[in-house]
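Just the heavy atoms: all of them, side chains too, but no hydrogens, waters or symmetry mates, feed the values below. By convention here, the first residue in the shown sequence is residue 1. Remember, it's a predicted structure, so these values are computed and weren't measured experimentally.
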Amino acid sequence: MTLNYDITGEEEYGVSESVKIDGSAGTGKSTQILLRTEKFLKQNESTISDICLVTYRNSLAEDIIDRFRQEELVSDGFRPERSNIGTMHAICNRLIRNQTDVDVSNKVSWYEKKLFCNQVGIQYSGSHNRDRTGGKELFRIFNWLLANKKPPEELPQSMYDDVAEACEKNVDIRRLWGEWKQFKQNPPAGKIKSLDSGDELFDFDELLLLVAEQNLTPEHAEMVIVDEMHDVYPAMNDVIQIWMDEMDDTTFVIAGDKHQVITEYMGATPQFYESIDLPEIKLPKSYRCPESHVEYSHQVLSNYYSPPDIDSESSAGQLTEIRGARMQYQSAHDNWRITQKENSPSQLYDQYVSEDETAMFLVRSNHQAGGIARSLSDEGIPFASDSVEDWHSSGLIDIYNGICRCLEVPAEPSYTFERGIVLDVDKTSYIPTEELTDLIEATPSQFVEDTKYDCLRIFDDLDSYAISKLHNVFTDDFFDELHSNPIQMLLGTADKTKLARLAHRHNWNPVDEDEVSVRILTIHASKGMQADNVFLYDGIPYRVSESIQGSDNSGRNECRTWYVGVTRSSQSLVVVRNAFDGYESSPFLPPVNSVSQLNGSENV
């Protein structure tokens with residue numbers, strides 16, 4: 001199916017010419033990449049194997065591959081993992097594997113980092129996965145040194161202060177940096193099962209450095225596409241520049257937006273994108289953001305920049321500002337207290353989000369995501385998140401759905417002489433194996449026909465199991481108890497309170513995990529995403545506030561960060577103020593009522 005859009009700038013710059021596509025949030029950079037690539041393949045009778053596509057998001061690569069399959073430009077046997085399509089690190093990994101004898105198969109993981117920290121006497125793990133520890137701060141520094149190709153002597157003082165504070169002592173970064181290099185070159189093979197004597201470990205950014213050092217380029221690539229070029233940092237930029245210098249006969253398409261550079265802490269800067277010397281195509285219209293959102297985003301940018309000259313496809317949309325329910329973190333109990341129901345995240349969800357609509361709750365820090373998660377969980381609203389344990393990683397949706405499907409089985413099955421147990425259920429009804437195994441794990445052993453271990457082994461190679469055969473898995477008492485007390489019968493390892501709230505909200509109807517429409521994200525994690533409704537929580541940590549006051553570059557980066565936040569919504573944008581104790585208001589979010597045209601939206 002052909003997209004109903006034209007290729008912008010094609011009359012002046014054909015699809016075989018190298019170009020830089022400059023587009024603000026929602027202006028269709030990904031769509032233009034897809035259209036140019038598709039026409040390039042058809043015009044030059046090329047195949048997808050002749051394309052190198054560097055993406056910030058794997059989802060973009062998947063979208064393009066799916067589209068090309070529809071257009072019969074990709075064979076059924078095409079394997080993306082063997083192509084030059086993917087993230088920069090994945091592509092560099094393939095180049096090293098295919099063009100050199102260097103074995104980079106052993107990548108550094110959290111385990112090796114913890115092992116090293118134990119060796120040098122620094123704590124790596126905390127009580128919780130997201131605890132700030134000396135070891136994690138140390139490896140944040142190591143990542144920065146690699147990404148920026150800098151020696152320890154050029155480490156920013158603020159980063160040193162962070163690791164010293166977390167370690168509660170002075171830290172010799174130069175010595176530890178040298179010891180970490182030695183550790184990777186000669187890792188303790190006896191303590192790492194996957195390693196043999198003589199094997200080396202590699203950090204992900206070392207893949208970029210190897211490709212740049214050896215001038216490795218994607219072989220036979222007729223077209224190279226770099227999406228989200230504004231996100232590159234020095235080690236990544238070097239690879240792209242080498243490719244552009246070495247691949248004279250290749251068409252390059254570079255897409256980005258200097259106003260969306262928000263990873264300054266990794267060395268990203270608008271200068272890398274601006275320095276790309278190619279004919280520039282400016283995308284003139286936002287297809288995502290309503291007019292009032294565009295105007296508001298321009299006010300955010302105007303703190304440091306001249307806003308882009310773009311129009312909006314839509315004059316509809318709602319822009320609202322409210323005072324949020326107060327959320328307080330109680331460190332003694334590792335829990336969040338929400339002081340009122342009114343304007344809490346769950347109440348905002350019920351008020352603004354209609355059925356079949358998507359929603360994002362955006363915060364500045366991972367810590368704040370915990371308060372949002374508490375409110376949504378209390379009301380049985382499933383969500384996905386990279387910042388906190390979500391409903392998928394906890395297994396609760398699988399357990400809940402497993403119960404829903406088991407409830408199809410009557411409490412008292414019928415018996416016949418010829419057929420044994422007869423369950424009055426649809427013979428074509430199946431329960432996904434993942435749901436069934438999670439439910440078995442959460443069920444007391446006396447309700448399982450066999451030992452749990454033997455029972456679970458049966459399903460290793462199955463995708464689903466017939467509901468009509470569940471009497472082979474569970475005892476008769478299981479179904480009787482299930483119908484009378486479906487949640488309290490479970491083991492204490494399952495969060496029964498959350499399951500009860502999920503059941504109350506969804507009335508024992510299964511929840512499609514792939515269609516969970518709510519995300520809790522930091523603004524940084526929301527890059528490249530959009531939702532119908534966005535709840536943007538004002539509030540920056542004290543450390544960020546200090547950084548803004550002490551550095552013009554930090555101020556610019558923070559301004560761009562909030563610009564990204566206010567440009568994620570296609571319908572409703574709700575700016576939520578004063579919700580978090582211990583956080584300061586962002587100086588880059590102006591009052592919503594300062595926007596000259598709000599298209600009928602109400603502002604508080």
Side-chain angles (χ1 to χ4, degrees), residues 1-88 90-91 94 217-231 240 243-244 247-257 273 276 278-288 310 313 527-530 570:
M1 186 175 75
T2 303
L3 291 175
N4 190 27
Y5 296 103
D6 296 326
I7 299 176
T8 303
E10 185 184 13
E11 291 184 3
E12 190 172 1
Y13 306 109
V15 295
S16 294
E17 295 187 54
S18 295
V19 294
K20 179 164 73 172
I21 299 177
D22 185 68
S24 300
T27 53
K29 294 185 291 295
S30 298
T31 298
Q32 289 298 316
I33 285 172
L34 197 154
L35 291 171
R36 280 187 167 267
T37 306
E38 179 182 358
K39 189 162 185 178
F40 177 93
L41 292 178
K42 292 178 177 179
Q43 194 175 84
N44 293 280
E45 298 183 350
S46 304
T47 70
I48 197 168
S49 299
D50 301 314
I51 299 295
C52 174
L53 172 60
V54 182
T55 70
Y56 179 75
R57 295 173 290 120
N58 280 319
S59 58
L60 173 61
E62 293 164 1
D63 289 346
I64 287 181
I65 292 169
D66 288 344
R67 167 68 185 275
F68 290 166
R69 282 200 174 100
Q70 294 174 17
E71 297 293 328
E72 299 182 350
L73 295 171
V74 178
S75 65
D76 292 336
F78 176 74
R79 299 181 64 179
E81 69 274 11
R82 294 188 176 180
S83 71
N84 284 322
I85 296 179
T87 64
M88 174 65 83
I91 292 172
R94 292 167 202 153
T217 61
E219 294 181 309
H220 315 301
E222 297 177 12
M223 182 183 229
V224 173
I225 304 142
V226 182
D227 187 32
E228 307 279 4
M229 175 70 191
H230 50 263
D231 280 318
I240 295 168
W243 289 357
M244 294 185 71
M247 302 170 71
D248 292 334
D249 298 326
T250 301
T251 297
F252 279 84
V253 176
I254 308 292
D257 175 13
Y273 173 68
I276 296 294
L278 291 176
E280 186 172 271
I281 296 173
K282 288 189 174 293
L283 303 183
K285 181 181 294 185
S286 176
Y287 296 93
R288 175 198 304 156
I310 64 166
E313 176 82 350
K527 280 287 299 294
M529 299 183 184
Q530 69 178 54
S570 60

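- Of the charged side-chain nitrogens involved, at least one lies within less than 4.0 Å of a carboxylate oxygen, so that K527 and D231 count as a salt-bridged pair.
- Atom CG of residue D257 and atom CD of residue E228 lie 9.0 Å apart, to the nearest 0.5 angstrom.
- Under the salt bridge (charged side-chain N to carboxylate O under 4.0 Å, His left out) criterion, D50 pairs with no residue at all, not counting sequence neighbours.
- Between I21 atom CD1 and K282 atom NZ the span is 12.5 Å, to the nearest 0.5 Å.
- By the side-chain contact (heavy atoms from CB on, under 4.5 Å) test, N84 pairs with C52, I91, L95, P218, sequence neighbours left out.
- Across all their heavy atoms, S18 and F252 have their closest contact at OG-N, 2.8 Å.
- Between N44 and S16 there is a side-chain heavy-atom pair separated by less than 4.5 Å.
- No side-chain heavy atom of T31 sits less than 4.5 Å from a side-chain heavy atom of Y287.
- In this structure, the side chains of R36 and I225 stay at 4.5 Å or more apart for every pair of heavy atoms.
- Here F78 pairs with nothing under the ring-ring contact (aromatic ring centres under 6.0 Å, His included) rule; sequence neighbours left out.
- Listed by chain and number, the residues in a salt bridge (charged side-chain N to carboxylate O under 4.0 Å, His left out) with E222 amount to none (sequence neighbours excluded).
- Side-chain contact check for W243 versus V54: some heavy-atom pair is nearer than 4.5 Å.
- Side-chain contact check for I85 versus I48: some heavy-atom pair is nearer than 4.5 Å.
- A distance of 7.5 Å separates CG of L41 from OG1 of T47, quoted to the nearest 0.5 Å.
- The main-chain N or O of G23 is found under 3.5 Å from a side-chain atom of K29 such that the two form a donor-acceptor pair.
- Between T37 and I51 the shortest side-chain heavy-atom distance falls below 4.5 Å.
- A search for salt bridge (charged side-chain N to carboxylate O under 4.0 Å, His left out) contacts involving R82 returns nothing, not counting sequence neighbours.
- K39 meets the side-chain contact (heavy atoms from CB on, under 4.5 Å) test with I7, E10, V15, Q43; sequence neighbours excluded.
- Between L283 and I310, the shortest heavy-atom distance links the atoms O-CG2, 3.8 Å.
- Here the shortest heavy-atom pairing between S83 and R94 reads O-NH1, 2.6 Å.
- Inter-residue side-chain proximity for Q32 and I281 is flagged as unmet; no heavy-atom pair is nearer than 4.5 Å.
- Here the closest non-hydrogen pair linking K20 and Y273 is NZ-O, 3.3 Å.
- With hydrogens and angles disregarded, no donor-acceptor distance shorter than 3.5 Å links the side chain of E38 to the backbone of L35.
- In terms of heavy atoms, S30 sits closest to D227 at OG-OD2, 4.1 Å.
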